Amino acid sequence: MELSAKGTVSAIIFRNDDNGYTVFTLETTAGDDIVCVGNFPAINVGAVLDVSGKLSVHSKYGEQLAVQSYTMTDPTGKASIIKYLASGLIKGVGEVTATNIYNMFGDDTFGVIEHNPMQLAMVKGISRKKAMDIANAVAELKQMQEQIMFLQSYGITVNLAVKIYNIYKTETKSSVLANPYRLIDDVDGVGFLTADRIAQSMGIEPVSEFRIRAAIIYLLREAAEKQGNTYLPLETLLDSCSELLGIDLAEYADLTESTVTKLVLEPAVKTFDVEGRRCISLIRYYKLERAIATRLVTLNHDARRIMIDAESLIAQFERVHNIHFHPGQSGAVKSALINGVTVITGGPGTGKTTIIKCIAEILTGYGMRLEFCAPTGRAAKRLSQSTGSDAKTIHRMLGYEMHGDRMQFKYNRNNTLPCDVVIVDELSMVDVSVMYSLLSALENGTRLVLVGDKDQLPSVGAGNVLADIIHSHVIEIRYLTHIYRQSEDSLIVSNAHLINKGQMPEINNHSRDFFVMNYNDFAQVSDTVVELVTTRLPKFTGLPSSEIQVLGALKNGVAGVENLNTRLQEALNAHVYGKREISVGRSVLREGDRVMQTVNNYQLPFVRANADGTLSDGEGVFNGDIGFIRRIDRPNGIVEVQFDDNRLATYSEQDLSDLQLAYAITVHKSQGCEFEVVVVPLVSGPPTIINRNLLYTAITRAKRAVVLVGSRKILAHMIHNNYIAERTTNLCRFLQEENAVHRRFFAEGPMHPTDTDDGDTESDD
C-alpha cells in the first residue's frame, strides 16, 4: 500500500552508520506515529520530513513504512527547534544551549544560523568558534539533504541516492550533471538503464559520445559477468549497442569509431584480431588472461626437479592404503611429480581424491610444503575430509584483507606464499580474476596441481580457465576415465558417466542410490519433491531433511527453485508463535531457515569456532556459502547465520538482500558442493539451460543418493541436448603464444636490447 505522510522525527530506533540504514518513528501532523525504515545519509530527532513509500504490516512489529523518497524542511516551533538542535547534530550543544538559542532568536533561529552565524556568539555559553561549528554542522546537513533531493528529482530511490552521495559527497550534483553515465562505473547497483534514464531526463542527446561509451563498457561488462565472455567481436558488440541505445550506430560510424579509439587510448578497452575478426575486450580481462598465460608457462618450465623413485613410492602408497592404481591414475601422480603444472581431470569415481592424497604423501615425505585449496568453503571442507589435510578456500589461503572498500590479498606477487606445492580442486569453478590472484602469489619454482571435471558447468565469473588450459595443449593434461569408486549396487557414478556420453542412465528399482520418478505434470513434480524432502527420503535414508538438497534448473515456475523454497519452508519451518522472522523483498526469513549467500561480501563480520575450542574473528562471506539462521534480533537489526564451516556471521538488515532461502538452489549455485542426497526436478525450458551439462553437474553433486523427478521425455531431451554455450576467451590463444615465445627464448637465448617484441606492452596488472 502506497502512503505519504509529513511529520517530525520523534525517535531513532536503530541506525547503522556504515550504510545509513535507519529505523525511526515519525510523529505525523495528524497525530499518528509511523515506524519508518530506509537508508538516510543522516537524520536527527526533530527533523521535519515529507515521506512516501510502501506501507506493510509485519506479523510481529506491526505497520512499517519502507521510505522510497523524502524531503526535509527546517523544523518550526519552539519544541521542534530545540529538540532538533539538541539531538546530537552539533557536538557540545545540548538542551540548555539549544533552549538559550531559541529564547534569543525564536522562530528565526535557522535564518540566523544560515545567514548571520556570528550572532550566535551573543548567546550565553557560545564562543565565536562554537558559533561557526554550529553553522557549519547545520550547513553540511542541509547541503547533504539538497544533494539527496536533487537525485530523487530524477527518480532515484533513497537507498540508491545514499549510495551515490557516499561516493561523491559534496560533488554529487556536479558529478552527475557532468556525466550521469559515470554512475555505472562508480556505484554498485547502477546499470546502464538507470544511468541512461537519468541522462535522458537531464536532456543529454540520444546520440552522444557519453552514451555510446557507456553502452560499450556496460555490454562488455555484462558479457563478462553474466555470459563469461572476456571479449566480443566488435561487430557483435556494436549490434548489441544499437539495440540497447535504440539507434543504428551504422549511421554514426565516425562517432562510434572515435569513441572506440578514445576508449583504447584511456585505456579502458583493448582491440585485437582473432581469425580475421576485429574484437574488443575490457582492458582488465585482456591483461588478466595475458598474465595468467605468462605465469602458467613460467611455472611449468621453472619447476624444481625432484630426484625420487616415483614408481616405488607409488607402490608403497598402494600397499599402505590397500589399493591398486589404474595406469592412468599412477600416470597422473607421476606427472604431478615431474611437471611444474599438471591438470588432472575426470568425472566422479575416477580417483581424483586418492591421487591427490598420493601426491601429497610423496611430496610431504620429500620435505615439501603443501597448500590445498578450492574455490568455495564447502569444496574446501570436502577436500579436507577426503585427504586428511587442511584445505582452505582460495581467498582464505591468499589472506584476503579489506582496505577501506577494497579487497586485497596478503599474498601477492610482492609477498609470495611460503609453500612449494599448491593443489587446487574444483578448478572448473575458478574464473580469471581468482586464477590471476592465485598465480600471482606463487613464487617461481612452485609446483601447481590443478584438479577438476572438464564436463561440469564452467565458472559463474568471467573466463573458461580449465577448458582453455586443456584446449591449449601447453600444460600436461591427465584424463581419468577408469571408474575407481563404484560398489555393485550403486548407480550414481556409472549413470553420471553414461549421461556424460549422451546415453540414457540405467534405471533399476533394486538400486539404492539412483531413482527416476516419472511425472508429466509439473504440479505433481512439485508435490513429489516436497514429499520426498520432508518424509519419504528421511525415512528411506535415515537422514534429516537438512541433508537433502533440491537442485533445480530454473528459478521460476511451479517446480522452480523459488516456489519450491516457499513450499519447503512452509513444510519444514513454518511460522509459529515465538519464532522470529523478518521480511526480505518478497520472501520471509525465519530462525532455523536454510539460507545461501548470493554475492561476495568481504566485510561482513563473523566469529569462527576453531577445532581447538578457541574463537577467532574475521570478515567475509562468499557467493554460494550455505548455512542456517540461528538468531534474529529485529529491534537491533541483527540476523546471525551459522555457516557450514563454523563461521557465525552477523548481518544487518541492509545486508539481508544478499541471502536467499536454500532448501532448493539452482544447479549453477551448487558447483563445488557435495550433498548427501540430491533431488532434481526435471522441467522444460530453453535448450541453453535444459541440457546434458546441467544434468550431469546436478547428479555429480550427490554423495549417497539422487532422485530425478519428472518426465522421462524431458530426461531424454536433456541427455541428447549437448548444447554448451561457447565462451569467447583469450586464455587458450595466449597460452599458445606465451609457450611459443618461451621455447624460442630458450632455443635462441635472451633477446638483445635491439630486439623488438610484438608491441604488446601492457603490464600484468
Side-chain angles (χ1 to χ4, degrees), residues 352-353 356 371-402 407 409-411 422-431 433-435 437-438 441 451-453 456-457 459-461 546-547 549 551 593-611 615-630 639-651 655 658-663 665-676 678 697 700-703:
K352 296 190 295 292
T353 299
I356 292 173
E371 287 281 357
F372 299 82
C373 63
T376 67
R378 290 182 71 90
K381 182 178 180 181
R382 181 158 55 91
L383 184 61
S384 293
Q385 292 170 340
S386 58
T387 62
S389 302
D390 180 29
K392 305 168 185 170
T393 63
I394 296 173
H395 282 77
R396 189 176 168 210
M397 181 184 73
L398 296 180
Y400 67 90
E401 300 172 335
M402 293 305 301
M407 192 270 294
F409 289 113
K410 173 184 176 182
Y411 296 108
V422 173
I423 297 177
V424 187
D425 198 12
E426 297 285 359
L427 186 69
S428 63
M429 296 181 63
V430 176
D431 62 28
S433 297
V434 174
M435 190 67 177
S437 297
L438 170 64
V451 184
D453 186 343
Q456 288 202 21
L457 293 170
S459 62
V460 174
S546 59
E547 298 289 341
Q549 183 64 55
L551 301 182
D593 270 337
R594 184 176 174 85
V595 291
M596 171 181 275
Q597 176 75 12
T598 58
V599 297
N600 291 336
N601 184 335
Y602 302 105
Q603 295 178 296
L604 198 73
F606 67 78
V607 176
R608 186 194 301 275
N610 302 313
L615 298 176
S616 56
D617 295 329
E619 291 183 335
V621 293
F622 303 98
N623 188 3
D625 286 349
I626 294 177
F628 71 93
I629 296 177
R630 197 172 84 168
V639 175
E640 292 181 349
V641 177
Q642 182 76 57
F643 288 104
D644 292 345
D645 59 354
N646 296 324
R647 282 172 301 156
L648 180 64
T650 303
Y651 286 74
D655 297 316
D658 297 340
L659 284 176
Q660 67 179 33
L661 292 172
Y663 299 102
I665 62 176
T666 62
V667 178
H668 283 83
K669 287 289 188 184
S670 73
Q671 288 175 268
C673 299
E674 187 176 63
F675 306 99
E676 291 294 329
V678 165
T697 301
T700 55
R701 300 305 88 206
K703 184 177 180 181

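Note that the structure is a prediction, hence the values are computed from the model and not measured. Only heavy atoms go into these numbers, but all of them, side chains included; no hydrogens, no water, no symmetry mates.
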Query raised in the report: In Å, rounded to the nearest 0.5 Å, how long is the span from CG of L457 to OG1 of T700?
Result: 8.5 Å
Query raised in the report: Where the side chain of D658 meets the backbone of T598, is there a donor-acceptor pair that is under 3.5 Å apart?
Result: no
Report summary line: Smallest heavy-atom separation, A380 atom then A391 atom, equals O-CB, 3.4 Å
Query raised in the report: Does the side chain of K669 come within less than 4.5 Å of N623's, by heavy atoms?
Result: yes
Report summary line: The complete set of salt bridge (charged side-chain N to carboxylate O under 4.0 Å, His left out) pairs with one or both residues in residues 594-604, sequence neighbours excluded, reads none
Query - Point-to-point distance, once rounded to the nearest 0.5 Å, from CD1 of I394 to CD of E371 - result: 12.0 Å
Query raised in the report: Any donor-acceptor pair under 3.5 Å linking the side chain of E426 with the backbone of Q671?
Result: no
Query raised in the report: Hey, does Q597 have a side-chain heavy atom less than 4.5 Å from the side chain of L659?
Result: yes
Query raised in the report: Does any N or O in the side chain of T650 come within less than 3.5 Å of the main-chain N or O of P605, such that one atom is a donor and the other an acceptor?
Result: no
Query - Beyond-backbone contact of S428 with D453, side-chain heavy atoms, under 4.5 angstrom - result: no
Query - Heavy-atom donor-acceptor pair, R608 side chain to S616 backbone, under 3.5 Å - result: no
**Report entry** Trace of the side-chain contact (heavy atoms from CB on, under 4.5 Å) decision for Q456 with R701
**Finding:** CA-CA 10 Å; Q456 288 202 21; R701 300 305 88 206; 2.5 Å; yes
Query raised in the report: Please walk me through it: do I626 and I665 pass side-chain contact (heavy atoms from CB on, under 4.5 Å)?
Result: CA-CA 10 Å; I626 294 177; I665 62 176; 4.2 Å; yes
**Report entry** 4.5 Å side-chain heavy-atom contact, I356 and L383
**Finding:** yes
Report task. Test side-chain contact (heavy atoms from CB on, under 4.5 Å) on M397 and L438 and set out the steps. Result -> CA-CA 9 Å; M397 181 184 73; L438 170 64; 3.5 Å; yes
Report summary line: Smallest heavy-atom separation, V430 atom then P375 atom, equals CG2-CG, 3.6 Å
Requested in this report: Any chance you could measure M435, atom CE, to L427, atom CG, to the nearest 0.5 Å?
Outcome: 5.5 Å
Query raised in the report: Atom CE in M596, atom CD in Q660: separation rounded to 0.5 Å?
Result: 6.5 Å
Report task. Give the ring-plane orientation class for F409 versus H395, where under 30° counts as parallel, over 60° as perpendicular and anything between as tilted. Result -> tilted
**Report entry** Closest contact, heavy atoms only, G620 versus Y400
**Finding:** CA-OH, 3.5 Å
Report task. Quick one: pull up CG in D655 and CD in Q603 and give me the separation to the nearest 0.5 Å. Result -> 9.5 Å
Query raised in the report: Side chain of S384, backbone of S389: donor and acceptor closer than 3.5 Å?
Result: yes
Report task. Could you tell me how the ring of Y651 sits relative to the ring of F643: parallel (under 30°), tilted (30 to 60°) or perpendicular (over 60°)? Result -> tilted
Query raised in the report: Taking the side chain from D593 and the backbone from V595, do they hold a donor-acceptor pair closer than 3.5 Å?
Result: no
Report summary line: Correct closest heavy-atom pair for F675 and S670 would be CE1-CB, 4.1 Å
Query raised in the report: When rounded to the nearest 0.5 angstrom, what distance separates CG in L398 from NZ in K392?
Result: 10.0 Å
Query raised in the report: Can you tell if the side chain of F606 reaches within under 4.5 Å of the side chain of L648, non-hydrogen atoms only?
Result: no
Query - Under 3.5 Å donor-acceptor, T393 side chain and R396 backbone - result: yes
Query raised in the report: Under a 4.0 Å N-O cut-off, is there an ion pair linking D425 with R382?
Result: no
Query raised in the report: Does S386 reach the main-chain N or O of T353 with its side chain, forming a donor-acceptor pair under 3.5 Å?
Result: no
